[in-house]
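Here the structure is a predicted model, which is why all the values come from computation and not from measurement.
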Amino acid sequence: MTTVDAPVRTRARSDYADLSARIKQAGLLERRTAYYVLKFALTLGFFAAGWVGFVFLGASWWQLLVAAFLGVMSTQVAMLGHDAGHKQVTRTRASSYVIGVVLGNLLTGLSFGWWIDKHNRHHAHPNHGELDPDVAPAGPLVFLHGQAEGRTGLFAWLTRHQAAVFFPILLLEGLNLHVGSFEALRDGTVKARWREGSLLAVHLVAFVAAPFLVLTWGQALLFLAVHQAVFGFYMGCSFAPNHKGMPPLTEEEEQDYLRRQVLTSRNVRGGVLTDWTLGGLNYQIEHHLFPSMPRPNLRLAKPVVEGFCAERGVRYVETGLLDSYGQVLTHLHEVGEPARA
């Protein structure tokens, strides 16, 4: 196996250490308690208000708008769970876990333990074909060159047309996440199986039963479908622009933590609305370099990181939201070429 020589390892450690020192000196790793108190109050308040409105509106087709609203707010709740998982909200693992299972398992039906395992592996080696589960060819889409070869049947057809079907498939992403959560209980990925399984069961029973207790059967089925479609689509659109389509790393870059995180990530340009909509994931470079950095500090860290990368000659990619989706679709089309040959 080829190894990185000592000067390169020394430079890599020095680069990240220098950047970390600047970030710490600016106070950007310190907790933002007031921000998160307000963020939790507003997010959970709107989430609860949606369900109160659902009860008071009763059997009405207007409930489909409520379902869409709750799909958006469920995603916002899940994004807070993401922050908790990275210990952005509180410092201790125990308190972060409690917040995570309440927001994830109980309120959105996603296993926090499963997500932590999957997401930590992604953060360690983003876009690595063997080590990053987010680019593994386990579903209808493939994200890396070479993964499209040898596919047959329905998956082959989907791979041939994956750029065209990408956004429609995201409508099923919510269901995929729920299934993955329950499968993780069975395969041993989640250690606290009974605790997390019980909370998932409570969510499932309450979420499925509520529409049928208030609405007609037809309305209830459409309510569930709209909610899950919006939830899955929003979740998928929030994570898709961040890494897909970024160029592969050399072995030297893979060994260098700073370059491994920066070169595989793409920031999305925007203002306060973009920050809210994408839950801070638009600052993907800063988030990957400093996962425990509180969400509101990512915007403040951006000029520090961007300037540092310019000094050290490290490519720093930022683009608009629509262009980021365009790059993702172009990449998907190119990766699917072997299935069309």
- Using the test side-chain hydrogen bond (donor to acceptor under 3.5 Å, both in side chains), find all partners of T250 that sit at least two apart in sequence or belong to another chain. E253
- With side chains defined as the heavy atoms from C-beta onward, is the minimum distance between L204 and F182 less than 4.5 Å? yes
- Looking only at side chains, do T90 and S96 share a donor and an acceptor under 3.5 Å apart? yes
- So if you build clusters from Ile, Leu, Val, Met, Phe, Trp, Tyr with side-chain heavy-atom gaps below 4.5 Å, do V142 and L158 land together? no
- Message: Is the distance from the ring center of H203 to that of F207 below 6.0 Å?
- Response: yes
- Distance from N127 atom CG to L144 atom CG, nearest 0.5 Å? 6.5 Å
- Partner of R260 under salt bridge (Lys or Arg N to Asp or Glu O under 4.0 Å), picked from E251, E254, E252, is E254
- Task: Report the C-alpha separation of N282 and N267 in whole Å, then their side-chain angles, then the decisive distance to 0.1 Å, and conclude whether the side chain to side chain donor-acceptor pair (under 3.5 Å) test is met.
- Result: CA-CA 5 Å; N282 44 315; N267 275 15; over 6 Å; no
- Task: Could you tell me whether the side chain of T189 and the main chain of L185 form a donor-acceptor pair under 3.5 Å?
- Result: no
- Heavy-atom pair of closest approach, residues W157 and H161: O-CD2, 3.0 Å
- Query: CZ/F40 to CG/L42 distance, rounded to the nearest 0.5 angstrom?
  - Reply: 12.0 Å
- Message: Any carboxylate oxygen within less than 4.0 angstrom of a Lys/Arg side-chain nitrogen, looking at E311 and R22?
- Response: yes
- Query: Does the pair R259/D15 count as a salt bridge with the N-to-O cut at 4.0 Å?
  - Reply: yes
- Note on the structure: Closest non-hydrogen atoms of A156 and A339, given as atom of the first, atom of the second and distance, are O-CB, 4.1 Å
- Which is it for N297 and Q88 under the side chain to side chain donor-acceptor pair (under 3.5 Å) test, yes or no, and what are the steps along the way? CA-CA 10 Å; N297 289 352; Q88 297 176 19; over 6 Å; no
- Residues two or more places apart in sequence or in another chain: which of them pass side-chain hydrogen bond (donor to acceptor under 3.5 Å, both in side chains) with Y234? Q76
- Note on the structure: Rounded to the nearest 0.5 Å, the CD1 atom of I285 sits from the CG atom of N242 at a distance of 10.0 Å
- May I have the step-by-step check of side chain to side chain donor-acceptor pair (under 3.5 Å) for H122 and D132, ending in yes or no? CA-CA 5 Å; H122 158 71; D132 183 359; 3.1 Å; yes
- Could you tell me whether E196 and K191 make a salt bridge, using a distance below 4.0 angstrom between a side-chain N and a carboxylate O? no
- For the pair T216 (side chain) and A59 (backbone), establish whether a donor and an acceptor sit closer than 3.5 Å, ignoring hydrogens and angles. no
- Between the side chain of N105 and the main-chain N/O of G197, is any donor-acceptor distance below 3.5 Å? no
- Message: Assess the residue pair F166 and Y325 against the criterion (ring-ring contact (aromatic ring centres under 6.0 Å, His included)); give the C-alpha distance rounded to whole Å, side-chain angles, the decisive distance to 0.1 Å, and a yes or no.
- Response: CA-CA 10 Å; F166 175 69; Y325 290 135; 7.9 Å; no
- Item | Criterion side chain to side chain donor-acceptor pair (under 3.5 Å) on E130 and H125, from CA distance to verdict | CA-CA 9 Å; E130 298 176 358; H125 295 278; over 6 Å; no
- Query: Got a donor-acceptor contact below 3.5 angstrom from the T330 side chain to the Q327 backbone?
  - Reply: no
- Note on the structure: Taken to the nearest 0.5 Å, the spacing of E334 CD from L329 CG works out to 11.5 Å
- Item | Between CG on residue N176 and CD on residue E183, distance to nearest 0.5 Å | 8.5 Å
- Item | Option among H128, H288, H82, H243 that satisfies the ring pair (Phe, Tyr, Trp, His ring centres under 6.0 Å) test with H123 | H288
- Query: Any link between V208 and W217 through a network of hydrophobic side chains (Ile, Leu, Val, Met, Phe, Trp, Tyr) touching at under 4.5 Å?
  - Reply: yes
- Message: With a 4.5 Å cut-off on side-chain heavy-atom distances among I, L, V, M, F, W and Y, is there a chain of contacts connecting L249 to L131?
- Response: no
- Item | Test item: F308 and L258 side chains (from C-beta on) under 4.5 Å apart, heavy atoms | yes
- Message: Does W51, at its CH2 atom, have more than 12 non-hydrogen atoms belonging to other residues, nucleotides or ligands within less than 6.0 Å?
- Response: yes
- Got a sec, which residues hit side-chain hydrogen bond (donor to acceptor under 3.5 Å, both in side chains) with Q63, two or more places apart in sequence or on another chain? none
- Evaluate whether atom CZ of F46 has more than 12 neighbouring non-hydrogen atoms of other residues, nucleotides or ligands under 6.0 angstrom away. no
- Return yes if some donor-acceptor pair links the side-chain N/O of S265 with the main-chain N/O of V262 below 3.5 Å, else return no. no
- Query: Roughly how far, to the nearest 0.5 Å, is the CG atom of L300 from the CD1 atom of I23?
  - Reply: 9.5 Å
- Query: Going hydrophobic residue to hydrophobic residue with side-chain gaps under 4.5 angstrom, can you get from L278 over to W276?
  - Reply: no
- Between the main-chain N or O of E318 and the side-chain N or O of R269, is there a donor-acceptor pair closer than 3.5 Å? yes
- Message: I'd like to know if R312 and D18 make a salt bridge, using a cut-off of under 4.0 Å between side-chain N and carboxylate O.
- Response: yes
- Count the heavy atoms of every other residue, nucleotide or ligand shown that sit under 6.0 Å from CD of E337, and state whether that count exceeds 12. yes
- Message: Under 4.5 Å between side-chain heavy atoms, counting indirect links through other Ile/Leu/Val/Met/Phe/Trp/Tyr residues: same cluster for V77 and F233 or not?
- Response: no
- Item | Parallel, tilted or perpendicular, as decided by the 30° and 60° cut-offs, for the rings of W115 and H119 | parallel
- Quick one: are W61 and L222 in side-chain contact, heavy atoms under 4.5 Å? yes
- Query: Looking at side-chain heavy atoms only, is the closest gap between S74 and H227 below 4.5 Å?
  - Reply: yes
- Does NZ or CZ of K244 fall inside the cone over F143's six-membered ring, less than 6.0 Å from its centre and within 45° of the axis? yes
- Any side-chain heavy-atom pair from L289 and L19 closer than 4.5 angstrom? yes
- Query: When you check the gap from the basic side-chain N to the acidic O, do K118 and D134 get nearer than 4.0 Å?
  - Reply: yes
- Message: Side chains of R266 and Y316 only: does a donor on one sit below 3.5 Å from an acceptor on the other?
- Response: no
- Item | H86 side chain near M293 side chain, heavy-atom distance below 4.5 Å | no
- Side chains of T277 and T274: donor-acceptor distance under 3.5 Å anywhere? no
- Would you say the side-chain atoms of D256 and Y16 include a donor-acceptor pair closer than 3.5 Å? no
- Heavy-atom nearest pair, P126 first then Q261, reads CG-OE1, 3.6 Å
